[in-house]
2 protein chains.
Amino acid sequence: MLTIGKLAQDTGVKVPTIRYYEQIGLLPEPGRSAGNQRLYGQGQLERLRFIRHARDLGFPLEAIRDLLSLSDRPDQPCAAADGIARAQLDAVRARIRRLKALEGELERMVAQCAHGTIRDCRVIEVLGDHALCAQDHPAAAG
Amino acid sequence: MLTIGKLAQDTGVKVPTIRYYEQIGLLPEPGRSAGNQRLYGQGQLERLRFIRHARDLGFPLEAIRDLLSLSDRPDQPCAAADGIARAQLDAVRARIRRLKALEGELERMVAQCAHGTIRDCRVIEVLGDHALCAQDHPAAAG
DNA sequence: CCTAATCTCTCTAGTAACTATAGCTTCAAG
DNA sequence: CTTGAAGCTATAGTTACTAGAGAGATTAGG
Ligand SMILES: [Zn+2]
Ligand SMILES: [Zn+2]
Ligand SMILES: [Zn+2]
Ligand SMILES: [Zn+2]
């Protein structure tokens with residue numbers, strides 16, 4: 001059995017984050033010691049490793065919640081799990097596309113600045129007027 | 001003079017967002033009509049367009065706050081503004097690098113799944129064990 | 001056995017950048 | 001004059017944590 005601190009060490013997830021995951025129901029409530037401290041077993045360790053790895057790959061917690069409940073039903077077809085992964089892949093690709101457009105505009109801005117005064121700064125100028133941009137770069141999360 | 005609704009239309013920034021920007025001091029408090037409704041002039045319109053465009057390019061509000069106060073001092077050298085833009089460019093590039101690593105892992109996961117049951121699903125398997133990943137993909141924001 | 005250092009406990013609040021809701025007042029059109 | 005849209009304030013919710021306060025538990029050394 002592991003204390004919360006050991007579990008944190010073994011998984012790389014910080015102690016308050018573990019408690020937070022418990023609070024939102026992503027980790028089940030563990031047993032407690034005589035002195036009311038949380039004690040975790042191997043199953044919890046693996047579950048938390050799964051969460052950690054999925055987070056590292058950018059899955060939102062709600063998607064992870066779904067993946068975990070799927071992985072509790074090993075006989076079911078895996079189409080739903082694959083769908084979640086593909087959705088995540090699409091989201092990642094969309095973010096890359098958007099960020100590349102931003103990268104291009106920022107490069108142009110920085111490159112065109114003559115390093116004089118603010119009055120003539122291309123950075124300030126472009127920020128004030130999207131017509132000076134080479135591409136459209138819609139808002140969207142990023 | 002523009003009402004808040006017109007200003008929202010003209011800039012593409014939603015009404016509650018404009019009030020939020022005022023609340024955090026990014027937009028100065030505008031004048032009011034007899035009936036206590038906000039009224040904006042041309043200067044405010046341009047300022048909000050600047051904010052909107054910088055947001056679209058991914059600048060955080062704190063950076064925008066600095067850029068705005070720089071742009072109020074046109075005689076100053078623009079090095080600080082350029083520095084903020086370069087920092088934003090670096091941040092964007094870092095996010096792209098990270099997302100590309102994720103994209104690669106997600107592609108592999110999805111491609112290797114045989115579409116059987118959860119028990120044999122490569123997606124679930126890889127999520128449970130980072131050793132099955134081809135690269136390291138550290139946590140970090142993004 | 002006692003004490004000091006380290007963990008752990010609960011609870012609250014704060015982060016970024018908004019978005020949504022509730023309940024009210026004001027304005028413009030017919 | 002009435003109705004519907006737009007505006008007002010204030011509060012709370014979003015995502016995924018992180019930080020802090022103040023109290024109790026555990027462990028290592030003496
Ligand atoms: Zn410049
Ligand atoms: Zn632009
Ligand atoms: Zn599968
Ligand atoms: Zn991995």
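Nothing here was measured: the structure is a model prediction, and the numbers come from that model. Computation of the quantities below employed the complete heavy-atom set of this structure, encompassing side-chain atoms and omitting hydrogens, waters and symmetry-equivalent molecules. Numbers restart at 1 for each chain; the letters A, B, ... are given by sequence-line order, proteins then strands.
Taking the side chain as every heavy atom from C-beta outward, B:L26 and B:R65 approach each other to under 4.5 Å.
A side chain to side chain donor-acceptor pair (under 3.5 Å) with B:R38 is found for one member of B:Q44, B:E22, B:E29 and no other, namely B:E22.
Summarising the geometry, the separation between CG on B:L27 and P on C:dA17 is reported as 15 Å, rounded to the nearest angstrom. Distance, B:I64 CD1 to C:dC18 C1': 13 Å, rounded to whole Å.
B:Y21 comes within 4.0 angstrom of sugar-phosphate atoms only, judged by non-hydrogen atoms across all strands, and of no base. Backbone-only engagement by B:R38 is indicated by non-hydrogen atom pairs under 4.0 Å involving sugar-phosphate atoms exclusively.
No side-chain N or O of B:H53 forms a donor-acceptor pair with one of A:D129 less than 3.5 Å apart.
For DNA chain D, the span of nucleotides reached by chain B at under 4.0 Å from its heavy atoms goes, 5' to 3', from D:dG7 to D:dT9.
For A:R52 and A:D56, the salt-bridge test passes: some basic side-chain N is under 4.0 Å from an acidic carboxylate O. With respect to A:R93 and B:E107, a salt bridge is recorded, a charged nitrogen being found less than 4.0 Å from a carboxylate O. The residues A:E103 and A:K100 are annotated as not salt-bridged, no charged nitrogen and carboxylate oxygen being separated by less than 4.0 angstrom. A salt bridge does not link B:R49 with B:E46: every distance from a Lys NZ or Arg NE/NH1/NH2 to an Asp or Glu carboxylate oxygen is 4.0 Å or more.
Residues meeting the side-chain contact (heavy atoms from CB on, under 4.5 Å) test with B:L39, sequence neighbours left out: B:M1, B:T3, B:S33.
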Report summary line: B/S/- along nucleotides 19-30 of chain C (protein heavy atoms under 4.0 Å) is S------SS---
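Between B:P60 and A:R19, the residue whose closest nucleotide on DNA chain C is further toward the 5' end is A:R19.
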